[in-house]
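Contents: one structure, followed by commentary.
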2 protein chains.
Amino acid sequence: MSDNSSDKVISISRLRQACRNCSLRDLCLPMGLSNEDLQRLEGLVGSRGPLRRGDHLFREGDGFHAIYAVRYGALKTYTIDDEGREHVLGFHMAGELAGLDAIYPAEHACSAQALQATSVCAVPFARLESLARDISGLQIHLLRVLSKELGATAHLAADHTAEQRLAGFLYSLSRRLGLRGYSERELHLFMPRRDIASHLRLATETVSRLLARFQQQGLIKVSRKHIELLDPEALRHLGGAMAGAGPEAAERCRGDL
Amino acid sequence: MSDNSSDKVISISRLRQACRNCSLRDLCLPMGLSNEDLQRLEGLVGSRGPLRRGDHLFREGDGFHAIYAVRYGALKTYTIDDEGREHVLGFHMAGELAGLDAIYPAEHACSAQALQATSVCAVPFARLESLARDISGLQIHLLRVLSKELGATAHLAADHTAEQRLAGFLYSLSRRLGLRGYSERELHLFMPRRDIASHLRLATETVSRLLARFQQQGLIKVSRKHIELLDPEALRHLGGAMAGAGPEAAERCRGDL
DNA sequence: CCCGGAAATTGATGTCGGTCAATTGTGTCG
DNA sequence: CGACACAATTGACCGACATCAATTTCCGGG
């Protein structure tokens with residue numbers, strides 16, 4: 001099921017206490033849960049990890065047992081097509097959920113791999129489902145998260161130019177990092193160019209050329225994986241429909257929680 | 001909110017009896033609901049329609065109040081981008097749901113327009129949500145439907161060639177019609193070429209050219225909106241990843257219920 | 001510290017599909 | 001029935017991006 005030696009969900013008591021104190025609580029859980037409800041939820045949550053770079057959290061075809069919330073680190077999800085080429089579906093950073101696309105059919109439709117040292121909370125779905133019936137707000141939260149992802153993917157399907165897609169990607173990545181307390185101006189790309197390209201359906205060469213062009217235009221400053229946004233507004237504008245409808249749309253476009 | 005003169009949800013008693021006898025029941029509802037549960041659900045369901053071709057069921061930006069199941073006819077959902085160009089997100093035929101992407105944020109992210117005379121069941125979401133807590137299977141059904149759509153859109157985002165996309169589209173359309181009791185060999189395209197093109201992110205000219213090519217290759221027989229599949233297997237194969245992983249994946253790729 | 005290999009960049013060339021334009025076919029309404 | 005507006009087809013051309021190929025840069029390990 002995974003690269004990990006221990007593929008069962010480990011519950012370390014230290015970690016089970018997490019939800020109530022977790023700084024990411026408002027990202028992966030519905031707002032305003034009572035302390036009591038949080039406690040019941042904690043009873044379910046195990047942890048998995050730490051995963052090292054390259055380790056898989058789950059693989060395409062694995063049975064679906066849990067949904068995952070990233071504690072720290074970052075994941076990419078991807079599929080392999082008939083010709084053996086990898087397609088990156090998305091990136092998941094701290095506070096974001098992964099595995100939701102496997103609720104039906106009950107097996108994962110993509111693989112999830114750590115891009116760096118990463119740890120996740122694992123919530124067994126069978127029990128989450130029954131808990132959702134009891135805790136007001138949890139059911140609707142799940143539906144909302146799914147619905148939001150759906151809206152985001154829809155926009156992603158629109159046929160933008162390479163320039164629009166990359167500008168939108170950089171801008172929305174900046175917003176997501178900002179939500180998590182990182183700088184919105186100085187990005188650290190935790191994924192290789194190849195993955196960005198695959199995600200945006202471009203060739204790596206095109207990503208490279210566009211980054212160079214953006215830099216030459218004074219929009220960004222590129223140094224390997226370190227990117228400084230000199231003119232975020234221009235990027236947002238370039239991103240067009242993708243990030244055009246204000247910050248909220250930008251967030252929606254990345255499946256934030 | 002809509003083109004209809006009566007934009008409130010009309011409950012005609014004849015129609016409220018529908019669910020228990022509805023031939024589409026197994027498409028839009030979870031399997032195996034008890035007669036009692038069906039009755040409770042019927043209490044919520046109103047109807048809207050009939051809509052004439054061109055009428056809108058809802059428009060982008062409308063408040064979200066209900067999810068809709070198509071009784072007969074067909075809808076397309078679409079958005080308008082910054083440059084005023086229309087992007088068709090999907091087609092919804094009898095037994096399929098629409099409006100799920102609006103659960104969050106609580107307004108519709110796309111417009112839904114009738115492609116022909118169409119009638120829908122409208123289920124007020126607020127009440128559906130509370131009912132889902134009571135009726136075992138309804139909650140998980142909703143989650144599954146959403147999850148399935150999510151998986152479908154993900155595949156749709158992959159960068160296939162124009163040929164692959166159109167072949168996959170024809171094949172999956174055939175499967176969907178088959179599920180509803182129509183012939184899988186003889187399709188009636190209930191949407192104009194322009195909408196097919198927009199949905200597949202192609203120019204209408206390209207769709208036209210490809211249909212001509214498929215016909216010349218002996219794969220299909222085209223006559224206006226009437227299309228006969230002479231070699232469905234070849235189409236499925238051409239469709240590649242989109243319809244390649246067996247019939248189930250083909251269904252998933254169209255958001256069937 | 002240096003080396004091997006992958007990642008990233010840069011350049012040259014090809015091609016798929018979009019755009020523009022002209023023509024034909026068709027459902028609809030006076 | 002005839003005319004009009006729109007849908008569909010077909011052809012010519014072009015541009016954005018992929019592909020192929022050659023360096024260069026950088027990071028991790030001995």
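Letters go in sequence order (proteins before strands), and every chain restarts at 1.
When heavy atoms are screened at a 4.0 angstrom cut-off, R85(B) is found touching the sugar-phosphate backbone but no base atom.
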Distance-only check: which donor-acceptor pairs under 3.5 Å involve side-chain atoms of residues 86-95 of chain B, not counting sequence neighbours?
{"from": "E86(B)", "atom 1": "OE2", "to": "K76(B)", "atom 2": "NZ", "distance (Å)": "2.8"}
{"from": "H87(B)", "atom 1": "NE2", "to": "D81(B)", "atom 2": "OD2", "distance (Å)": "2.8"}
{"from": "H92(B)", "atom 1": "ND1", "to": "L97(B)", "atom 2": "O", "distance (Å)": "2.9"}

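Protein atom CD1 of I227(B) is 12 Å distant from nucleotide atom C1' of dA8(D), rounded to whole Å. Across the protein-nucleic acid pair, R194(B) atom CZ and dA8(D) atom C1' stand 12 Å apart, rounded to whole Å. A straight line from CZ of R213(B) to P of dT9(D) spans 15 Å, rounded to a whole angstrom. One can place CG of L200(A) at 14 Å from C1' of dC17(D), the figure rounded to the nearest angstrom. Per the geometry, CZ belonging to R165(A) stands 14 Å off P belonging to dA16(D), to the nearest Å. Straight-line distance from the CG atom of L189(B) to the P atom of dA7(D): 15 Å, rounded to whole Å. For the pair R201(A) CZ and dA16(D) C1', the computed distance is 15 Å after rounding to whole Å. We find that CD of Q215(B) is positioned 15 Å from P of dA8(D), with the value rounded to whole Å.
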Which is it for R59(B) and D62(B) under the salt bridge (Lys or Arg N to Asp or Glu O under 4.0 Å) test, yes or no, and what are the steps along the way? CA-CA 6 Å; R59(B) 285 177 185 277; D62(B) 281 352; over 6 Å; no

So R180(A) and E96(A), salt bridge (Lys or Arg N to Asp or Glu O under 4.0 Å) or not? Walk me through it. CA-CA 10 Å; R180(A) 280 147 192 86; E96(A) 295 179 337; 3.4 Å; yes

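The salt bridge (charged side-chain N to carboxylate O under 4.0 Å, His left out) test applied to E205(B) returns no partner, not counting sequence neighbours. Legend: residues meeting side-chain hydrogen bond (donor to acceptor under 3.5 Å, both in side chains) with Q116(A), ordered by chain and number and at least two apart, are absent. In this view, Y78(B) and H56(B) satisfy the ring-ring contact (aromatic ring centres under 6.0 Å, His included) rule, not counting sequence neighbours. Remark: E60(B) engages no residue in a salt bridge (charged side-chain N to carboxylate O under 4.0 Å, His left out) (not counting sequence neighbours). Not a single side-chain hydrogen bond (donor to acceptor under 3.5 Å, both in side chains) links Q216(B) to another residue, sequence neighbours left out. With sequence neighbours left out, the side-chain hydrogen bond (donor to acceptor under 3.5 Å, both in side chains) criterion links H188(B) to no other residue. The side-chain contact (heavy atoms from CB on, under 4.5 Å) test applied to R185(A) returns S183(A), E228(A), L230(A), not counting sequence neighbours.
Contact annotation: the side chain of L57(A) approaches that of R48(A) to within less than 4.5 Å [non-hydrogen atoms, C-beta and beyond]. Two residues are said to be in side-chain contact when any heavy atoms from C-beta on lie closer than 4.5 Å; Q113(B) and D55(B) fail this criterion.
Remark: Y182(A) OH is loosely packed, at most 12 non-hydrogen atoms of other residues, nucleotides or ligands lying under 6.0 Å away. Other residues, nucleotides and ligands place more than 12 heavy atoms under 6.0 Å from the NZ atom of K225(A).
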Contact state string [nucleotides 24-30 of chain D, B base, S sugar-phosphate only, - no protein heavy atom under 4.0 Å]: --S----

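Only L202(B), A203(B), E205(B), T206(B), R209(B), listed by number, bring a heavy atom of residues 202-211 of chain B to less than 4.0 angstrom from any atom of DNA chain C.
Between chain A and DNA chain C, the heavy-atom contact criterion of under 4.0 Å yields a 5' to 3' nucleotide range of dA7(C) to dA12(C).
Direction change of the helix axis from one end of the helix from dC1(C)-dG30(D) to dG30(C)-dC1(D) to the other is 40°, with five pairs defining each end axis (rounded to 10°).
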